[in-house]
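Chain naming here is simple, since letters A, B, ... match the order of the sequence lines and numbering starts at 1 in each.
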Amino acid sequence: MERIKIDALLKSEPVGEKKLVKGWVRTKRGSKSVNFIALNDGSCIHNLQIVADTENFSEEVLRKVTTGAAISVVGEISESKGSGQSVEMIAEEIEILGVADSEKYPLQPKKHSLEFLREIAHLRFRTSTFGAVFRIRHALSFAIHDYFNKNGFYYLNTPIITGSDAEGAGEMFRVTNFDLDNIPKNEEGKIDFKEDFFGRETNLTVSGQLEAELGAMALSQVYTFGPTFRAENSNTSRHLAEFWMVEPEVAFADLKDDMDLAEDFLKYIVQYALDNCADDLAFLENRIEQEDKQKPKDQRQPMSLTEKLKFIVENEFERVTYTDAIDILRNSKPNKKKKFNYLIEEWGADLQSEHERFLVEKHFKKPVILYDYPADIKAFYMRQNDDDKTVAAMDILFPGIGEIVGGSQREERLSVLTEKMKDFNIPEEEMWWYLDTRKYGTAPHSGFGLGFERLVLFVTGMSNIRDVIAFPRTPGSAEF
RNA sequence: UCCUCAGUAGCUCAGUUGGUUAGAGCAUCUGACUGUUAAUCAGAGGGUCGUUGGUUCGAGUCCAACCUGAGGAGCCA
């Protein structure tokens, strides 16, 4: 008999038919005469209730049906006599595929703290919460490819090992094949990278953007979606040393086109989750509500998870220039009453988390796109505006997450770009290939980077980024 | 990296101004129960109180350093 997934079974409710299911036991309860087994196979949030009449099975078999065990069951589907589920399976054959010693198996049929589950990340997939999170993560990932494919973008795989250290996006992880106890030195006593595997210094990528630009300058529209590495000693609920980033790059597009693309893209992804992950979202929403009940009223979420997601889809993002944002902040109550840790005094200051949160959560109460930032606080490749003070950069800020997207129109004018690189101390000779796109057939182009885990955080309503990636890499932590 | 808080049974936590043998709920095990929904009821087992050092007649409790975790900040996506 062919196995049926529990999701398909619960949706079709084939009452009266004999079916085969396989999965992992969540709980077993019952009396002398009858046992109830909650079985989950990861195909959906729901469990299938298996009813096992103790007369039909040896004590030996039923004793091995414990939380965590993998079993295979054949039985007839019938309407449930109990409440809580509409159909159940009356077991005829139970095969134990893999036992789970109940004295040692760490997952119990009760709520565990997320901190504890992080320590057993290899098993946390088996909980309802992480099942929901990873199904949603998959759906979002699929929606991203779907959106770009429908809109004429090509998926470009940019290198993970990069020879360029000029990407300007933070500390990099060194990639080397050297025997670390015996590193070759040159005549000056410095490390001789000519002897290393690639014949040069190499690192893990911090961004695929520069390479994506090269692709966009021929294919018109490309996107990358891959792992990204930052060796920053960041210990927050929003940062990972290894994370996944989505980076579209579009030729013949200015900053407004870039903002339009990012907003449309985010709305499509969120709508996709609403349309395709209703059960998992409902579970997570309920979970958040239960947690909120423990908190004081002023710390509770103003909107439920699905309300929050619908709000994103249904409302225009607020577009504000950096200059206007500074004015709003300067005249804001927390600034005047000196409640900000960093007071806004003059134009040119970098915005802190508290300022971004004020704009998004208090002032506009919706996603905000900030654009036209001071050139001094942004990267070298961003296009200089006519005012000579600002660059065509934009950040999208989401409630609870902060910066979810960072993008810009790229500097396409060779002389302006090389001038900028001098100011930023970036050697032209290392970037010859990048500059070639400005020498030969240069054109306006734009793009942005989206932190995938931050998107997953927002859509699932989880609060720590380590709980939306299977095996988080953070400073001092690379178990599993 | 900085600031704050925490670390007691498998999990979640309580433990009084330092004072006999360190507790609870859940989980586990044993038994009871004809349909349970985190089943219920009865009983049992389970501890190097994060580590090291110090103060003291005496430390889970006080002090120091370190380790681990969480929240916030910086860096950013």
Peer 1: Between A:Asn341 and A:Phe452, name the one whose nearest nucleotide on RNA chain B is closer to the 5' end.
Peer 2: A:Asn341

Peer 1: Which one, B:rA77, B:rG35, B:rC76, comes nearest to the side chain of A:Phe243?
Peer 2: B:rA77

Peer 1: Would you list the atom pairs, donor with acceptor, under 3.5 Å between side chains in residues 461-470 of chain A and any protein atom, with sequence neighbours excluded?
Peer 2:
from, atom 1, to, atom 2, distance (Å)
A:Asn464, OD1, A:Arg466, N, 2.9
A:Arg466, NH2, A:Thr236, O, 3.2
A:Asp467, OD1, A:Arg118, NE, 2.8
A:Asp467, OD1, A:Arg118, NH2, 3.4
A:Asp467, OD1, A:Arg124, NH1, 3.2
A:Asp467, OD2, A:Arg118, NH2, 2.7

Peer 1: Any donor-acceptor pair under 3.5 Å between the side chain of A:His112 and the base of B:rC11?
Peer 2: no

Peer 1: For B:rC75 versus B:rG19, give the span between their P atoms, rounded off to a whole number of Å.
Peer 2: 47 Å

Peer 1: Pairs under 3.5 angstrom, nitrogen or oxygen only, protein versus nucleotides 70-72 of chain B, please.
Peer 2:
from, atom 1, to, atom 2, distance (Å)
B:rA70, OP1, A:Arg118, NH1, 2.5
B:rA70, OP1, A:Arg466, NH1, 3.0
B:rA70, OP2, A:Arg466, NH1, 3.0
B:rG71, OP1, A:Asn464, ND2, 3.3
B:rG71, OP2, A:Asn464, ND2, 3.3
B:rG72, OP2, A:Ser237, OG, 3.2

Peer 1: What is the separation between atom CG on A:Asp350 and atom P on B:rC76, rounded to the nearest whole Å?
Peer 2: 7 Å

Peer 1: Whole angstrom is fine here: how far is it from CG in A:Leu397 over to C1' in B:rA77?
Peer 2: 12 Å

Peer 1: Look at all strands and tell whether A:Ile404 reaches a base, only sugar-phosphate, or nothing, counting heavy atoms closer than 4.0 Å.
Peer 2: sugar-phosphate

Peer 1: Using atom P of each nucleotide, how far apart are B:rA73 and B:rC62 to the nearest Å?
Peer 2: 30 Å

Peer 1: My understanding is that only residues two or more places apart in sequence, or in another chain, count here; which of them pass side-chain contact (heavy atoms from CB on, under 4.5 Å) with A:Ala253?
Peer 2: A:Val250, A:Asp257, A:Ser446

Peer 1: A:Met394 CE to B:rC76 P: how many Å, rounded?
Peer 2: 17 Å

Peer 1: Could you tell me how far B:rU20 sits from B:rC29 if I compare only their P atoms? Round to whole Å.
Peer 2: 35 Å

Peer 1: Could you pick out which residue, A:Ser31 or A:Ser102, lies toward the 5' side of RNA chain B when each is mapped onto its nearest nucleotide?
Peer 2: A:Ser102

Peer 1: By nearest atom, which of the nucleotides B:rC75, B:rG35, B:rA77 is closest to the A:Gln352 side chain?
Peer 2: B:rC75

Peer 1: Under 3.5 Å, which protein N or O atoms sit close to an N or O of nucleotides 6-10 of chain B? Give each pair with its distance.
Peer 2:
from, atom 1, to, atom 2, distance (Å)
B:rG10, N2, A:Gln108, OE1, 3.0
B:rG10, N2, A:Gln108, NE2, 2.8
B:rG10, N3, A:Gln108, NE2, 3.0

Peer 1: Could you tell me the separation between the CD atom of A:Glu361 and the CG atom of A:Leu397, rounded to the nearest 0.5 Å?
Peer 2: 10.0 Å

Peer 1: Can you list the residues that meet the salt bridge (charged side-chain N to carboxylate O under 4.0 Å, His left out) rule with A:Glu17, with sequence neighbours excluded?
Peer 2: A:Lys19

Peer 1: Are A:Phe471 and A:His122 close enough that their ring centers fall under 6.0 Å?
Peer 2: no

Peer 1: Could you tell me whether the phosphate oxygens of B:rU1, OP1 or OP2, come under 4.0 Å of any side-chain nitrogen or oxygen in A:Ser234?
Peer 2: no

Peer 1: Rounded off to whole Å, could you give me the CG-to-C1' distance for the A:Asn286 and B:rA38 pair?
Peer 2: 14 Å

Peer 1: With rounding to the closest Å, how many angstrom separate the P atoms on B:rU21 and B:rG10?
Peer 2: 22 Å

Peer 1: What nucleic acid atoms does A:Ser80 come within less than 4.0 Å of, heavy atoms only: base, sugar-phosphate, or nothing?
Peer 2: base

Peer 1: As a check on the pairing definition, encode RNA chain B in dot-bracket form, counting Watson-Crick and G-U wobble pairs whose two distances are under 3.5 Å, and using | for partners outside this strand.
Peer 2: (((((((..((((.....[...)))).(((((.......))))).....(((((..]....))))))))))))....

Peer 1: Can you check the A:Glu356 CD to B:rG74 P distance for me, whole Å?
Peer 2: 9 Å

Peer 1: What residues form a salt bridge (charged side-chain N to carboxylate O under 4.0 Å, His left out) with A:Arg238, not counting sequence neighbours?
Peer 2: none

Peer 1: Listed by chain and number, what are the side-chain contact (heavy atoms from CB on, under 4.5 Å) partners of A:Thr54, not counting sequence neighbours?
Peer 2: A:Ser33, A:Asn35, A:Leu62

Peer 1: On a whole-Å scale, what distance lies between the C1' atoms belonging to B:rA64 and B:rU55?
Peer 2: 11 Å

Peer 1: How many Å lie between CG on A:Leu114 and C1' on B:rC11, as a whole number?
Peer 2: 14 Å

Peer 1: Assess whether side-chain contact (heavy atoms from CB on, under 4.5 Å) is satisfied between A:Glu356 and A:Gln352, documenting all intermediate values.
Peer 2: CA-CA 6 Å; A:Glu356 296 180 350; A:Gln352 310 292 319; over 6 Å; no

Peer 1: Check every atom of B:rC33, B:rC76, B:rU36 against the side chain of A:Gln85 and return the nucleotide holding the closest atom.
Peer 2: B:rU36

Peer 1: Considering only the C1' atoms, how many Å lie between B:rC41 and B:rG58, rounded to the nearest integer?
Peer 2: 43 Å

Peer 1: Can you tell me, in whole Å, how much space there is between the P of B:rC63 and that of B:rG25?
Peer 2: 32 Å

Peer 1: Using whole Å, what does the distance between atom C1' of nucleotide B:rU12 and atom CD1 of A:Ile120 come to?
Peer 2: 14 Å

Peer 1: I'd like a table of donor-acceptor pairs (distance under 3.5 Å, sequence neighbours excluded) in which one partner is a side-chain atom from residues 96-109 of chain A, with atom names and distances.
Peer 2:
from, atom 1, to, atom 2, distance (Å)
A:Asp101, OD1, A:Glu103, N, 2.9
A:Tyr105, OH, A:Arg126, NH1, 3.4

Peer 1: For A:Leu370 and B:rC76, give me the distance from atom CG to atom P, rounded to whole Å.
Peer 2: 15 Å

Peer 1: Does a distance-only test, which skips hydrogens and angles, find a donor-acceptor pair under 3.5 Å between the side chain of A:Glu55 and the base of B:rU34?
Peer 2: no

Peer 1: For the side chain of A:Arg63 and the base of B:rC29, is some donor closer than 3.5 Å to an acceptor across the two?
Peer 2: no

Peer 1: In chain order, what residues pass the salt bridge (charged side-chain N to carboxylate O under 4.0 Å, His left out) check against A:Lys18, with sequence neighbours excluded?
Peer 2: A:Glu92

Peer 1: Tell me every residue that passes side-chain contact (heavy atoms from CB on, under 4.5 Å) with A:Asp376, counting only those two or more places apart in sequence or in another chain.
Peer 2: none

Peer 1: Is the phosphate of B:rG35 approached by A:Lys81 (side-chain N or O, under 4.0 Å from OP1 or OP2)?
Peer 2: no

Peer 1: Atom CD of residue position A:Glu79 - does it have more than 12 heavy atoms of other residues, nucleotides or ligands inside 6.0 Å?
Peer 2: no

Peer 1: Given B:rU12, B:rG35, B:rC75, which nucleotide is nearest the side-chain atoms of A:His239?
Peer 2: B:rC75

Peer 1: Base, sugar-phosphate, or nothing for A:Gly449, non-hydrogen atoms under 4.0 angstrom?
Peer 2: sugar-phosphate

Peer 1: Taking the same atom, C1', in B:rU8 and in B:rA14, what whole-Å distance lies between them?
Peer 2: 10 Å

Peer 1: Could you state the interatomic distance from CG (A:Leu123) to CZ (A:Phe480), rounded to the nearest 0.5 Å?
Peer 2: 8.0 Å

Peer 1: List the residues meeting salt bridge (charged side-chain N to carboxylate O under 4.0 Å, His left out) with A:Arg357, not counting sequence neighbours, and say none if there are none.
Peer 2: none

